[in-house]
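Just so you know, these numbers use all the heavy atoms, side chains as well, and skip hydrogens, waters and symmetry mates.
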Amino acid sequence: MTMRRFFTTLFIFCTLVLTFGCTRANAAHVYPEKYYQKEWCSRWGGNLEYLLPDRTRVDCITKSYAVEFDFAPKWAEAVGQSLYYSKMTGKQAAIILILEKETDFKYFERAKTLAQDNNIQLWYMKSPEFGGHIPVNSINRQTMALNTKEFEKMLKTVYRLIYHLL
């Protein structure tokens, strides 16, 4: 292999590693909000992404509730959205805060104060890394970070592909 071909291969390999390897590992949340919406809404017989006349969407609507999901640090935004969705649907406002770590409980406590004063039903879901439960058959592989073996296998495949292309 010539030196130029070696450095070209190395450059492409490093670019792919940085692009595919770090994207999931450094994501803000291991599971996206949509994961929790689907999990809860299907369990409670609700409709996902219920479209309102003004083109906004309620995360999940059930027989009794208009439910807003959000990660715990966005608790204040969830309060406002849940009240709006309640007004637009005539259903009781509800919030499900997603807790990813122990310190997220402080946001739940903040939301609880406003929920009590504004007749908002407040619940939380824990992320799997914080003790939440994920049924094995419902795991969406696209939302999971790559484990070490999968990452190594991907790198070997990419390297072979690049080597044969050059």
Side-chain angles (χ1 to χ4, degrees), residues 15-151 153-154 158:
T15 302
L16 290 171
V17 168
L18 290 173
T19 302
F20 295 110
C22 296
T23 302
R24 293 216 189 269
N26 293 331
H29 305 286
V30 176
Y31 296 91
E33 184 180 313
K34 178 71 92 193
Y35 168 80
Y36 299 94
Q37 292 170 359
K38 286 179 183 176
E39 184 74 22
W40 190 91
C41 205
S42 66
R43 186 173 292 160
W44 294 100
N47 294 321
L48 280 171
E49 299 290 325
Y50 180 81
L51 185 63
L52 297 175
D54 65 356
R55 315 271 315 143
T56 57
R57 294 178 187 270
V58 180
D59 289 339
C60 180
I61 196 157
T62 68
K63 184 177 172 183
S64 305
Y65 298 104
V67 186
E68 170 62 19
F69 286 76
D70 240 322
F71 289 96
K74 294 173 65 180
W75 67 273
E77 184 178 320
V79 169
Q81 284 181 275
S82 69
L83 290 171
Y84 179 73
Y85 296 152
S86 174
K87 180 78 171 170
M88 296 298 290
T89 63
K91 298 186 184 285
Q92 183 177 353
I95 298 171
I96 296 180
L97 287 182
I98 302 162
L99 309 180
E100 296 184 296
K101 55 189 178 289
E102 185 70 33
T103 56
D104 283 348
F105 274 105
K106 68 183 174 194
Y107 302 115
F108 181 78
E109 291 301 319
R110 292 175 190 173
K112 193 187 319 184
T113 303
L114 289 177
Q116 290 168 347
D117 291 346
N118 292 285
N119 193 31
I120 300 170
Q121 178 63 55
L122 179 65
W123 296 293
Y124 65 83
M125 287 179 77
K126 290 181 177 181
S127 75
E129 285 69 28
F130 183 44
H133 171 69
I134 294 185
V136 175
N137 61 355
S138 70
I139 293 176
N140 179 349
R141 302 289 283 165
Q142 292 177 332
T143 63
M144 294 179 61
L146 294 173
N147 68 34
T148 306
K149 287 184 180 181
E150 290 173 320
F151 185 68
K153 185 177 177 182
M154 181 196 70
V158 168

Would Trp40 and Asp59 satisfy side-chain contact (heavy atoms from CB on, under 4.5 Å), going step by step from the backbone distance to the final call?
CA-CA 10 Å; Trp40 190 91; Asp59 289 339; over 6 Å; no
Hey, mind stepping through Cys60 and Tyr65 against side-chain contact (heavy atoms from CB on, under 4.5 Å) and telling me if it holds?
CA-CA 8 Å; Cys60 180; Tyr65 298 104; over 6 Å; no
Could you go through the side-chain contact (heavy atoms from CB on, under 4.5 Å) check for Trp44 and Val67 one step at a time?
CA-CA 11 Å; Trp44 294 100; Val67 186; over 6 Å; no
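Note that NZ of Lys38 and SG of Cys41 are 11.0 Å apart. Values are rounded to the nearest 0.5 Å. Taking CD1 of Ile61 as the reference point, atom CE of Met88 lies at 11.0 Å (rounded to 0.5 Å). Rounding to the nearest 0.5 Å places OH of Tyr107 at 14.5 Å from CD1 of Ile98. To the nearest 0.5 angstrom, Glu33 atom CD is 8.0 Å from Phe69 atom CZ. Interatomic distance, CD of Glu68 versus CD1 of Ile96, reported as 10.0 Å (0.5 Å rounding). The OG atom of Ser64 sits 7.0 Å away from atom NZ of Lys91, with the distance rounded to the nearest 0.5 Å.
Using modelled atom types, no side-chain atom of Asp104 and backbone atom of Ala72 make a donor-acceptor pair closer than 3.5 Å.
Taking the six-membered ring where the residue is Trp, Tyr35 and Tyr31 present tilted rings, their angle falling between 30° and 60°.
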Kindly list each side-chain donor-acceptor pair under 3.5 angstrom involving residues 117-125, sequence neighbours excluded, with atom names and distances?
| from | atom 1 | to | atom 2 | distance (Å) |
| --- | --- | --- | --- | --- |
| Asn118 | ND2 | Leu114 | O | 2.9 |

Could you pull out every donor-acceptor pair under 3.5 Å between side chains of residues 74-83 and any protein atom, sequence neighbours left out?
| from | atom 1 | to | atom 2 | distance (Å) |
| --- | --- | --- | --- | --- |
| Gln81 | NE2 | Tyr85 | OH | 3.1 |
| Ser82 | OG | Ala78 | O | 3.2 |
| Ser82 | OG | Val79 | O | 2.9 |

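With 3.5 Å as the limit, one finds a donor-acceptor pair spanning the side chains of Asp54 and Tyr84.
Heavy-atom minimum distance, Leu99 versus Phe105: CD1-CE2, 3.5 Å.
With contacts defined as side-chain heavy-atom distances shorter than 4.5 Å, the pair Val58/Leu52 qualifies.
In this structure, Lys112 pairs ionically with Glu109, as a charged nitrogen and a carboxylate oxygen lie closer than 4.0 Å.
Residue Tyr50 qualifies as open at atom OH: its count of foreign heavy atoms under 6.0 Å is 12 or below.
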